[in-house]
Asker: 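Got a structure here, written out as structure tokens. Questions coming.
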Amino acid sequence: MKLNKIILSAIVGSALLSVSCTDQLNFHEYNDYDEDYVKLNFANVGGLVSGIYDDLDNDFGNYGGAVLGSASDESQYAYNSSSIYDFYNGSWSPVNAMSSMWTKCYKGIASCNLYLSKYVGLTFPDLVDNEDYQKQMFRYNNYQYEVRFLRAYFYFNLVRQYGAVPLMGDAIPNGEIANSVKRTDAQTVFTYIINQCDSIQNKIVKDYTDIGDMSMGKSETGRANKLTVMALKARAALYAASPLFNTDNNVKLWQRAAEANKEVLDEASAEGKALASDYASLFGPQNYQDADALKELIFMARDTRMSNSYESYNFPFGLPDNRGGQGGNCPTQNLVDAYEMQATGEPYKGDYNKDSDPYAGRDPRFTATIVKNGDKWPSLNTTPLELFDGGVNTPTSNGGVFTGYYLRKYCNAAQDLSPKKNTTSYHSWVTFRLAEFYLNYAEAVFRLTGSPYTIPSGFTMSAVEAIDKIRERAKMPDFPVGLSNERFWEKYKNERMVELAFEGHRFWDVRRWKEADKYFKSITEMHITKDASGILNYERKEIPRQWDDKMYFFPIPQTELLKNKNLTQNPGW
Amino acid sequence: MEKNKIAVLTLLACLRLPGLAQDTISVDSVDISVDWLFSRLEATSSVSTIYNKEFNKRSSKDIANSLLGQGKGLIALEGAGTYAGMSPTFYVRGLQSLSGSSPLIIIDGIERDMSQVSPDEVESVSILKDAAATALYGYKGANGVIMVTTKRGRQQAMEVNFTYDHLINWQERRPNFVNSYTYAQAMNEAYTNDGKSPLYSQEEVEAFKNGKYPYLYPNVNWLEETFRNTGISNKYAIEFRGGSSRLRYYSFLNLTTDKGFVKNANASDDYSTQNSYSRANLRTNLDVDLTSSTKLKFNILGVLTEAGQPGNRANLWDMIYTVPSAAFPVKNENGTWGGSTIWDGTKNPVAQSMGAAYTKLHTRALYADLTLSQDLSALVKGLSANVRVAYDNWSSVLENHSRTYSYGRDIVAGWVNGQPVLGDPYSVENSGNMSQSANTNAYKRLFNFMASIDYNHSFGKHDLYSQLRYEYEFQDSYGLNTTIYRLNGSWFTHYGFNKRFYADFALVASASNLLAPGHKWALSPTVSVAWLISNEKFLKNVSWINLLKLRASWGVVSTDAVPGIFNYWDQTYQLAGGGYRFDDAYTFGEGLGTTTTLSQYGASNSTHEKANKYNIGLDATLFKDLNLSIDGYYQRRSDIFVSTDGAYSDLLGLPAPYENAGIVDSWGYEFNLDYSRKIGEVTMNVGGSFTQNRTKIIEQREAPKLYPNLVMTGRPLNQTYGLVAIGFFKDQQDIANSPVQQFSTVAPGDIKYKDINNDGVIDANDRTAIGYSTAAPEIYYTFNLGAEWKGLGFNTVFQGTARYSAVLNTKSLYWPLINNTTISQYYYDNRWTTDHQEALFPRLSSASNANNYQTNTVWLANRSFLKLRTIELYYNLPKTWLSKTRIVNRARLYVRGIDLFSFDHIKIADPEAYGATAPLNRNVVIGVTVGF
């Protein structure tokens, strides 16, 4: 009977064992981190904000090397393997929706809402005794405003592209919301963006180089500041007032746009900002630390690592020592024609086949933006480029169209693509710079007053005066007096195209003006041939593109419509 | 056929007394893991059992491989690989769930590994199929259970059995790759097809043909240079069995050795580089009656294995499937191994098998369990208690004695006056030092504790058995997220009325650490009933019906199958270095440099996967000799964890959570039959089994698809999807007249696809369901036949599958030349050329050809097969002869053929192993069993 007792006590023991099992049942050995862990220190929470900044857009060749400008009349991508062709070859559709912006922005918005819901108002009690606690808290307390700016910025990218878009509010989205939320009309979204900016612009840090005792060493100039917030508001106000969104030409929207842009210009001058003296320095590899460029630059989407892919997409084809790139984004003759003569301020009226140098005397911004036949480009190339038929730098079997020009803007001239060197550098995408707001101001004031020369009450500059600021920096003559409204509008658009080329504006500007019929139905290539005696022959060739008015807005991806039955498609798609 | 079944029952009854009347007819015992064995008469669940005599005919290395072809509801699919690695895949009732369909393997009550157990030491294997049979396994039993029971001692005089099997192994369907002359022509053709100039000049092609420059233009049959035609295995086993009324024992010792196919394994005097395997098992199973009411059961198995292979754990077969005959010579003129810039010398299979020394994988295992049973009739009549403790341990140690070797080849710079001119040779110098290391590369341990109180009582017409049980288990194996704790508490009751009606009821509460807090426990009820019609008065006098029973069962079985991540319920973050650069110096910002992102949106309101199972069955014995059982079943798996990645719009913006949303239905039927009859001096038997299992995905939170042909919900599990080929492009005209195929630029001879969605282009949206599953066949059937006359007999087992697909994407064999591979003669003979348009395969191309290498109907094959699994001829030496020896009581001589024939549609490769691996073995066995 002794064994008998052993067995019975084992059974009783097993009941006790099951109590101690509770810990074991909760055992797991995963190596991810939960919310409590993230909240433990400043770096983890700061990392959340870093992660949202990572979702900021740039365009260093988002479409297989092609930039969005290659879907406008700025340029043509030389290889038809790029999906950029889909924008105008008929294959753009709700199924092939070119919708990376949709996905990326809503990811950003959800991350912002996650942050704002769970990570605002922390006190980090365990770290109170740390020496840098106050400084860390100062930086931490500013995060919420940065995040709200970022959220508003993502909405701007969405509304610009889709018009009405779902406005997600402040909640962390869940599956049910994602599959049922409706689109909010575009003006409401613009107003949301503007209100968000208004409510944070006086709370966010104004100047990260000037935060006194709260500085932790290096200045975090990469963060959104007061001027950035105002810039977003000003751009959003301009878009909201533009014909694509302001369908009944509500003058109050122009008033708002003019005021918002004035506010940017006023704040900039109050902060000692001004247009940079060297236009090209704004797009160089050192723009983030070039004092001259930094005077003008308001906000940049920074590169997370050094790269040379932009150069490899755009450097000339066929350079010696395998230094060449693909010569992908080729500026059009349309853009070249937009560069006026420096002496007269008028377009080039000569004959390419008669002038010894048809490019001489152009707007200096031409050289900063475009590479032409005979240029020695990039720095390491000492032989003139041959961009004529059969020339060594002319792409041969590219499957697309070579326009006769290569792109210089944003390329690092010193980059060495030869396999042995393969140098890399940072590329900082200019999201906002001061020049844009002079142009925005000019456009808004012109629309508000209906005249290029009138200064509305409460303002200090006319449209032409604002543009002349840009012209002066570019070392171009001022706009002449006595321009008709029509003539002014043409010259304004020309100026905007030239000044902001390849900065991701043209594709959207033509859309918001609703003037795509005029600009996006074809592009012009300059076909250069060289005869036996070495004489170059220039011939313009018009390359047609498909345009349909439905393309003013992007289609909502078909898969999204299938998942969220409350979403509606944009008209025409 | 199986008269020993009664004996089996009696043997097992030593543990528990069934106390139920038994008929003279054969009665399977049914073990569903309560401490109770049910006779076939009173069982209510769907269980079939296979006995040693049936399955132990393949002379296989382990019990898993010996079950191939057995059927009775067990689907066993042969695994490819070398002898050491051969391991079949099992399914019970086919595919069942999105979360996996692997059945639970139980050896003597504990979850253990079949590859460690020799078939000789196994008494029986039971296949537990319906909910009633698997209920007591808690979270682990939803996909069915394969229950292995080892032999035990008997109260008898000592019996010693010695078995020796000698196996001759060969590989029947070895791949046949082209000679270098054909290879050069094929490459030139491929280059021409790709719009390039030919790779080899006419002079070079000729040099491959005439073999004048064997070091520059070699022609190596790598397979024949690397491998020999036969391998040898030997199996020795000795078992001791016997016991007294108070102690019964079974002891078993065996040695299994195999030498593989490496041709020159003994290039070094000091060691062998053969693919070798040896395993020794030592088992003792004891039953001790400590007192008249206290019994002890003790099982222990120790296993040592050693698997040798050439150095660097080189996959020689992969090299055979890669390196062309023209790549380089085996050895260069200067004696170094061949190797080139394209095909590195480490891909030279002969060099790897001879010059790279060796590695050995050792495994050590100890499986031990002890059970104490106490009869408590002194307290309450019929009451008893049991306690069991099991401790298992397995580890694997990799002993590495690899070495590197120097290799290279002569390079032809060009041809001058019809002679090759040598350039700078290519060579890679290596020290050749042998490495010396040993480390544990895998382990597993398990602890199981079980305690139960049983009550067994009969009163009048009522028979009652009831058990309360508690089970605790801990498992841990190498790697992360592998520690598992599980608890089961169960109440099982069996009730019989008047030997005619039976009912079982089980209620199981299970817990697992794999499940979310608050959801760790699940309650699973099962009910099953049986009606023994043959015991009804109206059938008592029907002489040809010996047994007729109807069964039905229903139950909900739970699983703790969780998605790939083990904390699916938590919102978790990833911390990654680097990130956005905030500083004016373009660094991260003081104290930053980390990016924190939400990596997982925790599953909310999670529960666990459930299997709702229904089964009806019929068991019958007719005309005394015909045994029959039929089962029909339906199962709904619900609350299966699925990713909702595709279900929510991008407005979610965060990683989609897992949800308990998947639903899969499966249904099917099983049919088992065997018949044995003695006619005069001849005993003969036939038998067979047939199962069909079908599945349908009802819900899996699939992303909405743009075209109905892409939708996977509503289709079977593991359905193959691909493009439908409608021939090859005849010429450029044909290409111009056809929809654009967007995978890559097509040329004549490329595969032409059907525009399934009629959108005018051929792309991934034209994929549709083609064929069946490649994982498991829908139909699995077996049949066997045997006869014996005066001790001389034969038996055969055939096994087949149907509604089963293969995607033939094996490199070189079916996808030639691309990625620097070679080409099979079969492909070469059946390729498309302008003169051979009615081809089986598309044109040759040397670069990748995305158009042709989409999954499509050209590569889809019918994987159905019928194999002769075993055929055995044996002779039991007459007792009269043996009695004269006074020592030998039994002796049996036999010759076996294993997997000798396969009838199928694939022909040049085995339908069960068509990848770039070792072809399956076929074997002839000569064996002897002697009993003392």
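Quick caveat, the model's predicted, so the values are computed rather than measured.
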Asker: Locate the shortest heavy-atom distance separating A/Lys218 from B/Thr587; write the atom from each residue and the value.
Answerer: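 Reported closest heavy-atom pair: NZ-OG1, 3.8 Å.
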Asker: Given a strict heavy-atom distance threshold of 4.5 Å, which part of B/Phe474 is in contact with chain A: side chain, backbone, both, or neither?
Answerer: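 Neither part.
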Asker: Restricting to side-chain contact (heavy atoms from CB on, under 4.5 Å), what partner residues turn up for A/Thr221, sequence neighbours left out?
Answerer: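 Per chain and number, A/Thr221 pairs via side-chain contact (heavy atoms from CB on, under 4.5 Å) with A/Thr209, A/Ser219, A/Arg302, B/Asp584.
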Asker: Search all heavy atoms of A/Arg139 against all heavy atoms of B/Gly589 and return the closest pair with its distance.
Answerer: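 Shortest heavy-atom separation between A/Arg139 and B/Gly589 comes out as NH1-C, 4.2 Å.
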Asker: At a 4.5 Å cut-off on heavy atoms, which part of A/Leu48 comes close to chain B: side chain, backbone, both, or neither?
Answerer: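 When you check distances to chain B, atoms from both the backbone and side chain of A/Leu48 fall under 4.5 Å.
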Asker: With chain A as the partner, which of B/Leu598, B/Thr597, B/Thr595 has the greatest number of non-hydrogen pairs under 4.5 Å?
Answerer: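 With the most close heavy-atom pairs to chain A, the winner is B/Thr595.
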Asker: Indicate the atoms forming the closest heavy-atom contact of B/Gly591 with A/Ala43, along with that distance.
Answerer: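 Smallest interatomic distance, heavy atoms only, reads O-CB, 3.3 Å.
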Asker: Most heavy-atom pairs under 4.5 angstrom with chain A, which of B/Thr644, B/Val761, B/Thr483?
Answerer: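 Among B/Thr644, B/Val761, B/Thr483, the one with the most close pairs to chain A is B/Thr483.
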Asker: Side chains of A/Tyr33 and B/Gln574: do they bring a donor and an acceptor to under 3.5 Å?
Answerer: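 Checked: A/Tyr33/B/Gln574 side chains show no N/O donor-acceptor pair below 3.5 Å.
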Asker: First locate atom CG of B/Leu654, then atom CG of A/Asn113, and finally report the distance between them rounded to the nearest 0.5 Å.
Answerer: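 Here the interatomic distance stands at 9.0 Å.
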Asker: Picking from A/Trp102, A/Tyr208, A/Tyr426, A/Phe42, which has the most non-hydrogen pairs under 4.5 angstrom with chain B?
Answerer: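 Looking at each option in turn, the highest pair count goes to A/Tyr426.
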Asker: To the nearest 0.5 angstrom, please state how far the OH atom of B/Tyr648 sits from the CG atom of A/Asn179.
Answerer: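 These two atoms lie 7.0 Å from each other.
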Asker: When rounded to the nearest 0.5 angstrom, what is the spacing between OH in B/Tyr601 and CD1 in A/Ile172?
Answerer: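 Rounded to the nearest 0.5 Å, the OH-CD1 separation comes out at 6.0 Å.
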Asker: Kindly compute the distance separating OG (A/Ser100) from CG (B/Asp650), expressed to the nearest 0.5 Å.
Answerer: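 Between A/Ser100 OG and B/Asp650 CG, I get 11.0 Å after rounding to 0.5 Å.
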Asker: Distance-only, no hydrogens or angles: does the B/Thr596 side chain make a donor-acceptor pair with backbone N or O of A/Asn44 under 3.5 Å?
Answerer: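 Answer holds: yes.
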Asker: Any side-chain heavy atom of B/Ile484 sitting closer than 4.5 Å to one from A/Phe27?
Answerer: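 No, side chains not in contact.
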Asker: Supply the atom-to-atom distance A/Leu561 CG to B/Ser649 OG, rounded to the nearest 0.5 angstrom.
Answerer: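 Reported value, rounded in 0.5 Å steps: 9.5 Å.
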Asker: Heavy-atom cut-off 4.5 Å, strictly under: side chain, backbone, both or neither for B/Ser599 against chain A?
Answerer: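 Side chain of B/Ser599 only, per the 4.5 Å heavy-atom cut-off to chain A.
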Asker: Mind listing the closest non-hydrogen atom pair of B/Leu651 and A/Glu560 along with its distance?
Answerer: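 Closest approach of B/Leu651 to A/Glu560, heavy atoms only: N-OE1, 3.9 Å.
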Asker: Looking at CD of B/Gln571 and CG of A/Asp34, how far apart are the two atoms once the value is rounded to the nearest 0.5 Å?
Answerer: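 Rounded to the nearest 0.5 Å, the CD-CG separation comes to 10.0 Å.
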Asker: If you count heavy-atom pairs under 4.5 Å between each of A/Lys107, A/Lys104, A/Glu176, A/Glu220 and chain B, which one has the most?
Answerer: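 Maximum pair count with chain B is reached by A/Glu220.
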Asker: Quick check on the 6.0 Å ring-centre criterion: do B/Tyr586 and A/Tyr288 meet it?
Answerer: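 So the answer is yes for these two rings.
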Asker: Below 4.5 Å, heavy-atom pairs only: which of A/Glu35, A/Lys135, A/Gln136 has the largest tally toward chain B?
Answerer: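 Most pairs with chain B among the choices: A/Glu35.
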Asker: Which pair of non-hydrogen atoms, one from B/Ala703 and one from A/Lys563, has the smallest distance, and what is that distance?
Answerer: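 Closest pair (atom of B/Ala703, atom of A/Lys563, distance): CB-CE, 4.4 Å.
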Asker: How about B/Phe582 and A/Tyr53: are their ring centres within less than 6.0 Å of each other?
Answerer: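 Yes: the rings meet the under 6.0 Å criterion.
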Asker: Could you tell me whether A/Lys182 atom NZ has more than 12 heavy atoms of other residues or ligands within 6.0 Å of it?
Answerer: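 Not buried by this count: 12 neighbours or fewer within 6.0 Å.
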Asker: So for A/Leu294, is it side chain, backbone, both, or neither that comes closer than 4.5 Å to the heavy atoms of chain B?
Answerer: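 No part of A/Leu294 comes within 4.5 Å of chain B.
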Asker: Under a 4.5 Å heavy-atom cutoff, which of A/Gly175, A/Ala301, A/Gly51, A/Pro557 has the most pairs with chain B?
Answerer: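 Among the listed options, the one with the most contacts to chain B is A/Gly175.
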Asker: In sequence, state the C-alpha distance, the side-chain angles, and the governing distance for A/Leu25 and B/Leu487, and then conclude on side-chain contact (heavy atoms from CB on, under 4.5 Å).
Answerer: CA-CA 9 Å; A/Leu25 286 177; B/Leu487 291 178; 4.0 Å; yes
Asker: For the pair A/Leu562 and B/Leu706, evaluate side-chain contact (heavy atoms from CB on, under 4.5 Å) and give the outcome as yes or no after the intermediate values.
Answerer: CA-CA 8 Å; A/Leu562 291 171; B/Leu706 295 167; 4.0 Å; yes
Asker: Can you say whether A/Tyr115 sits under 4.5 Å from chain B via the side chain, the backbone, both, or neither, judging by heavy atoms?
Answerer: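 Contact with chain B is absent: no heavy atom of A/Tyr115 under 4.5 Å.
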Asker: So which atom in A/Met216 and which in B/Glu590 form the shortest heavy-atom distance, rounded to 0.1 Å?
Answerer: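 Here A/Met216 and B/Glu590 meet closest at O-CG, 3.2 Å.
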Asker: Tell me, out of A/Asn564, A/Thr103, A/Thr559, who's got the most heavy-atom pairs with chain B below 4.5 Å.
Answerer: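 The residue among A/Asn564, A/Thr103, A/Thr559 with the greatest pair count is A/Thr103.
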Asker: Could you have a look at A/Val45, A/Leu56, A/Leu114 and say which one has the most heavy-atom pairs with chain B under 4.5 angstrom?
Answerer: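 The option with the most such pairs is A/Leu114.
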Asker: Heavy-atom cut-off 4.5 Å, strictly under: side chain, backbone, both or neither for A/Met306 against chain B?
Answerer: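 It is neither, since no heavy atom gets under 4.5 Å.
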Asker: Checking B/Ala647 against chain A: side chain, backbone, both or neither under 4.5 Å from a heavy atom?
Answerer: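 Backbone only.
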Asker: Check each atom of A/Ile52 against the heavy atoms of chain B and say whether the ones under 4.5 Å are side chain, backbone, both or neither.
Answerer: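 Neither the backbone nor the side chain of A/Ile52 comes within 4.5 Å of chain B.
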Asker: Which atoms of A/Tyr37 come close to chain B, meaning under 4.5 Å heavy atom to heavy atom: side chain ones, backbone ones, both, or neither?
Answerer: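 For A/Tyr37, side-chain heavy atoms alone lie under 4.5 Å from chain B.
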